[in-house]
Amino acid sequence: MVRIARPYVPSESVAEEVVQETWLAALRGLPSFEGRSSVKTWLYAILLNRARTTGPKERKYVPIEEPERAVDAGRFNRDGSWSSPPAHWADDAEDRVRAERMNKSMRVAIDQLPSPQRDVLTLRDVEGLTAADTCQILSLRQSHQRVLLHRARSRLRNVLEGEFGEDGA
C-alpha cells in the first residue's frame, strides 16, 4: 500500500503514515461499510483519498505539466498502422544490471506522469486491479480510464525507448 501512496507524498515515511491513517479510517468506518464494493476496492479508495489530501499539505508546490501528444503521429502510416512499431525492449532485458537500470527509469517515469495517468497505471499495471475496480476507486468512466491508461503507457514507452533505444540496450 505504501507503493500506491508514495507518488502523492514527498517521502517514504509520509507514505507509511498515510497507510497507517488508512487502516485507522477503515477500522473506524467498518460499521458504516455498505458493501457496494469489495473491501479491497474500498481500502484503495480510502488510501488514494488520504494520499491525495496529505501530499499537497506536505509539499510547497505541485508542478503543472504541459499537455502533450501520447504518441507522435509520424510513427503511423496513412492507414493507421505503425510505421515504426514499439521495440521489444522488455524481452531483451536479460542482463541484471540493465534490468535494474530499466526498473529505476520506469519508476522515475511513473512518478513523473500526471496524477490521473499515474493513478490508473499504478492500479491496473502495478497492483493488477481490474478496469472495473479501477474505475470505481477513481470514479472514472470506462472510456476515460482506457484513455488515461493508453496515455500513461505511451509516455512510459517513449521514455524507455529514448533511454534504452530500439534494442533495449
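Each residue takes its place number in the sequence, starting with 1.
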Trainee: Side-chain heavy atoms nearer than 4.5 Å, only ILVMFWY residues, links allowed to pass through others: does that put L156 and V147 together?
Mentor: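 L156 and V147: separate clusters.
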Trainee: For the pair S32 (side chain) and G29 (backbone), establish whether a donor and an acceptor sit closer than 3.5 Å, ignoring hydrogens and angles.
Mentor: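 The answer is yes, because a donor-acceptor pair under 3.5 Å joins these two groups.
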Trainee: Is it the case that one hydrophobic cluster holds both L149 and L113, taking links as side-chain heavy atoms less than 4.5 Å apart, direct or via other members?
Mentor: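 Yes; L113 is reachable from L149 via cluster members.
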Trainee: Quick one: are S37 and W42 in side-chain contact, heavy atoms under 4.5 Å?
Mentor: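 Heavy-atom side-chain distance check passes, below 4.5 Å.
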Trainee: Report yes if some heavy atom in the side chain of D133 is under 4.5 Å from a heavy atom in the side chain of L123; otherwise report no.
Mentor: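 SC-SC contact between D133 and L123 ruled out.
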Trainee: Side chains of M106 and I110: closer than 4.5 Å at any heavy-atom pair?
Mentor: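 Side-chain contact under 4.5 Å: yes.
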Trainee: Does a donor on one side chain sit under 3.5 Å from an acceptor on the other, for R155 and Q112?
Mentor: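 Distance-only check fails for R155 and Q112.
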Trainee: Does a side-chain heavy-atom distance below 4.5 Å link R124 with T130?
Mentor: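 Not in contact.
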Trainee: Less than 4.5 Å apart, any side-chain heavy atom of M102 and any of S105?
Mentor: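 Sidechains of S105 and M102: no contact.
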Trainee: Is it the case that one hydrophobic cluster holds both L24 and L48, taking links as side-chain heavy atoms less than 4.5 Å apart, direct or via other members?
Mentor: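 No.
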Trainee: Distance from L148 atom CG to R118 atom CZ, nearest 0.5 Å?
Mentor: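 Going from the CG atom of L148 to the CZ atom of R118 covers 12.0 Å.
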Trainee: Are any non-hydrogen side-chain atoms of Q142 and Q145 less than 4.5 angstrom apart?
Mentor: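 Answer yes - side chains close enough.
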Trainee: Looking at every heavy atom in both A25 and I46, which two are closest together, and how far apart are they?
Mentor: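 Taking A25 first and I46 second, the nearest heavy atoms are CB-CG2, 4.1 Å.
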Trainee: So, for P31 and R28, which heavy atoms are closest and what is the spacing to 0.1 Å?
Mentor: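 Looking at all heavy atoms of both residues, the shortest contact is CD-O, 3.4 Å.
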Trainee: One thing to verify: whether D125 and R153 come together as a salt bridge, which I'm taking to mean a side-chain N less than 4.0 angstrom from a carboxylate O.
Mentor: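 Judged by the 4.0 Å cut-off on N to carboxylate O distance, R153 and D125 do form a salt bridge.
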Trainee: Between CZ of R146 and SG of C135, what distance do you get to the nearest 0.5 Å?
Mentor: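 SG of C135 is found 8.0 Å from CZ of R146.
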Trainee: Look up atom OG in S83 and atom CZ in R78, then write down how far apart they are to the nearest 0.5 Å.
Mentor: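 It is 12.0 Å, given to the nearest 0.5 Å.
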Trainee: Between atom CD of E17 and atom CZ of R50, what is the distance when rounded to the nearest 0.5 Å?
Mentor: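 CZ of R50 is found 12.5 Å from CD of E17.
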Trainee: For side-chain contact (heavy atoms from CB on, under 4.5 Å), just list the numbers for Y44 and I4, CA-CA rounded to whole Å, side-chain angles, deciding distance to a tenth of an Å, and then say yes or no.
Mentor: CA-CA 9 Å; Y44 276 117; I4 299 288; 3.9 Å; yes
Trainee: Between OG1 of T122 and CZ of R3, what distance do you get to the nearest 0.5 Å?
Mentor: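 Rounded to the nearest 0.5 Å, the OG1-CZ separation comes to 9.0 Å.
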Trainee: Hey, are the side chains of L138 and T134 touching, using non-hydrogen atoms and a 4.5 Å cut-off?
Mentor: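 Yes, side chains in contact.
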Trainee: Kindly compute the distance separating CE (M1) from CD (Q20), expressed to the nearest 0.5 Å.
Mentor: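 One finds 10.0 Å between CE of M1 and CD of Q20.
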Trainee: Compare all side-chain heavy atoms of T22 with those of N49 and state whether any distance is below 4.5 angstrom.
Mentor: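 No - every pair of side-chain heavy atoms lies 4.5 Å or more apart.
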Trainee: T41 and Q136: side-chain donor and acceptor closer than 3.5 Å?
Mentor: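 There is no such pair (donor and acceptor under 3.5 Å, judged by atom type) between the side chains of T41 and Q136.
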Trainee: Is there a path of hydrophobic side-chain contacts, each under 4.5 Å between heavy atoms of I, L, V, M, F, W or Y residues, that connects L27 with V18?
Mentor: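 No: no chain of side-chain contacts under 4.5 Å links L27 to V18.
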Trainee: Side-chain heavy atoms under 4.5 angstrom apart, residues restricted to Ile, Leu, Val, Met, Phe, Trp, Tyr: same cluster for V126 and V108?
Mentor: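 The answer is no; the residues belong to distinct hydrophobic clusters.
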Trainee: Do any N or O atoms from the side chain of D79 and from the backbone of S81 form a donor-acceptor pair under 3.5 angstrom?
Mentor: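 Judged by distance alone, yes, a pair lies under 3.5 Å.
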